[in-house]
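Below you'll find the structure I mean.
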Amino acid sequence: MSMETVEVDYLVIGAGAAGMAFADTLLTETQATMAIADRHHRPGGHWNDAYPFVRLHQPSYFYGVNSRPLGSGAIDAQGPNKGMSELASGAEILAYFDGVMRQRLLPSGRVHYFPMTDVEDDATIVSRLSGERRRVKARKVVDAAYLSPSVPATTTRSFGVAPGVTCVPVGELPRAVRPGASYVVIGAGKTGIDACLWLLESGIDPRQISWIVPRDSWLYDRAAFQPGRENLATLISFMANQVEAMAEGESVDDVFARLEAKGAVLRLDPAVKPTMHHCAIVTRTELAALRKITDVVRLGRVRRIDGDRILLERGEIPTDADTVHVNCSACAFGFSNRPPCPIFEGRRITLQWTRNCSPTFSAAMIAHVEAAYGSDAEKNEICTVIPTPRDPLRWLQIMAADLPKALQWAARPELMAWMAQSRLDLIAGLATLGETDVKELAELERYRRNLAPAIENLQRLLAQTGAPRAA
Ligand SMILES: Cc1cc2nc3c(=O)[nH]c(=O)nc-3n(C[C@H](O)[C@H](O)[C@H](O)COP(=O)(O)OP(=O)(O)OC[C@H]3O[C@@H](n4cnc5c(N)ncnc54)[C@H](O)[C@@H]3O)c2cc1C
């Protein structure tokens, strides 16, 4: 039987946030045709598999695709995000990407969408429903799944559970609650934080919760990342505080001590040194709520749950049949930790981050660079890869790679103009500053003054640790 052939300019593997942000910008800036194939039944990637109470950790305002706002720009009037820009729920994110696909990409007539489809190799896609195979003749292949995160719903539990023990993936938590139960939340990444906050917001007494925290994280304060002109000074102060701490720090630990003293990072327990840093964002209200959980177990990862005890790497704690164990351990980072590779390599484009912790901005920027620039060498020079963060040392390596970009990109007026109009660019507002913005300009000057010393000092500190440069 002959195979249908789909002829397009680009085959995009994955209709998650990265693939959608890339396709949207490419559609705006070129006449290219695209085939977008994804295993899921609708766009949105891992958000299809997320737990029911998931929300963005960052404001909706800066997330999604460039051409269409996510949310209404509302300020939350209640809850732990009170006073701050709204955070889209998983359901809102899925409806948003569905709308982008149905109302923007498909009506263009230039996009073919293949849901429930596996990309087998760069030239064959296979329907998961019918098994039908199609050949795709594409000029370029875009891997929009390279940094795809693993989430609890699609990941096998890494520890054993004895019969009779209630242990649920985080997505089943709302169905597993029962009056009088105690809860053990396993994991301290974004998901573990969300599970604890959901239990607390649902009225569970903090004394009913035990939290297994294999490793503590540095956290960002969401107040620093609020949209709107009125919040620009706070954002620039945050940036200035970061570079000042990096310019003045005398060791990796000292940089973090300075960052913390300036409010540029937060942590759960001031007495515990974090060994993770993965861009998790909280409000100070959320942090105060999390601190009400006093039974924080720092004995490493769970190895096994028996009927009466939980065995961990460095000890054990009691448990019982009335306890609901909530597995949040699959996704510590919210993105994969695959090694960086060149973004533009001949026929292949591998979507990765061009700016720290900015997946959708990065994907849109890569599409712009693909559309507007010539050789792979030039495109890769603009789009050097920022690796995904893990721990404090790697975060400083990343900053050492990220900060010089501010200088490199500033030398390209065309690129700066594109960023200034990009909805996804957290710092796009900087381009609107005028001489009456005295406070903002003063903070920007503090940032600029410390930028080069910060880059230099980071290189020195990293050399002392023997850590290689990140990119
Ligand atoms: C709980 C949580 C909260 C988060 N909050 C934020 C936040 O506030 N802000 C932020 O910027 N980031 C956040 N993130 C990070 C988040 O991972 C990214 O924002 C983004 O959603 C990742 O999208 P992606 O397209 O890279 O990956 P995915 O969403 O995983 O999309 C990849 C897609 O590719 C498909 N695919 C893979 N291989 C194939 C194949 N061979 N054939 C067909 N299809 C394939 C998959 O089915 C999937 O649909 C969060 C992550 C989590 C887990």
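Counting starts at 1 for both ligands and their atoms, in listed order. What you see is a predicted model; the values in this text were computed from it and never measured.
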Could you tell me if any non-hydrogen atom of Thr117 lies under 4.0 Å from any atom of ligand 1? yes
When you check the side-chain N and O atoms of Asp49 and His40, is any donor under 3.5 Å from an acceptor? yes
Suppose I only count heavy atoms of Pro149 and a 4.0 Å limit; which atoms of ligand 1 are within that range?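 Listed by number with element: 17 (O), 27 (O), 30 (O).
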Can you check whether Ile75's main-chain N or O pairs, donor with acceptor, with Glu86's side chain at less than 3.5 Å? no
Does this structure show an ion pair linking Asp122 with Arg348, if we count only N-O contacts that are shorter than 4.0 Å?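 Looking at Arg348 together with Asp122, the answer is yes, because their closest N to O distance falls below 4.0 Å.
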Is Ala50 in contact with ligand 1, taking contact as a heavy-atom separation below 4.0 Å? no
Start with the C-alpha distance between Asp98 and Arg102, add both sets of side-chain angles, then the distance that settles salt bridge (Lys or Arg N to Asp or Glu O under 4.0 Å), and finish with yes or no. CA-CA 6 Å; Asp98 192 50; Arg102 287 170 186 277; 3.1 Å; yes
Examine the proximity of ligand 1 to Ala144 and report which part, side chain or backbone, both or neither, has a heavy atom under 4.0 Å away.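 The answer is the backbone of Ala144.
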Is ligand 1 less than 4.0 angstrom away from at least one heavy atom of Trp47? yes
Could you check whether any side-chain N or O of Asp24 sits under 3.5 Å from a backbone N or O of Asn66, counting only pairs where one atom can act as donor and the other as acceptor?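 Yes, because the side chain of Asp24 sits within donor-acceptor range (under 3.5 Å) of the backbone of Asn66.
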So does Tyr96 get a backbone contact from the side chain of Arg68, meaning a donor-acceptor N/O pair under 3.5 Å? no
Report yes or no: does a heavy atom of Phe62 sit under 4.0 Å from some atom of ligand 1? no
From the options Leu87, Val119, Val54, select the one whose nearest heavy atom is closest to atom 42 (N) of ligand 1. Val119
Under 3.5 Å, is there a donor-acceptor pair between the side chain of Lys405 and the main chain of Thr354?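 Yes; at least one donor-acceptor contact below 3.5 Å.
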For Gly16, atoms of ligand 1 separated by under 4.0 Å from a heavy atom: 25 (O), 29 (O), 31 (O)
Give the single entry among Gln58, Lys190, Met20 that approaches atom 10 (C) of ligand 1 most closely by any heavy atom.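 Residue with the shortest heavy-atom distance to the ligand atom: Gln58.
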Which of the atoms of ligand 1 are close to Tyr51, meaning less than 4.0 Å from one of its heavy atoms?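 Checking each atom against Tyr51, I get 1 (C).
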For the rings on Tyr51 and Trp198, is their centre-to-centre separation under 6.0 Å?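 Not close enough - the centres of the two rings lie 6.0 Å or further apart.
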For atom 29 (O) of ligand 1, which candidate among Met116, His46, Arg222, Glu120 holds the nearest heavy atom?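 Checking each option, the heavy atom nearest atom 29 (O) of ligand 1 is found in His46.
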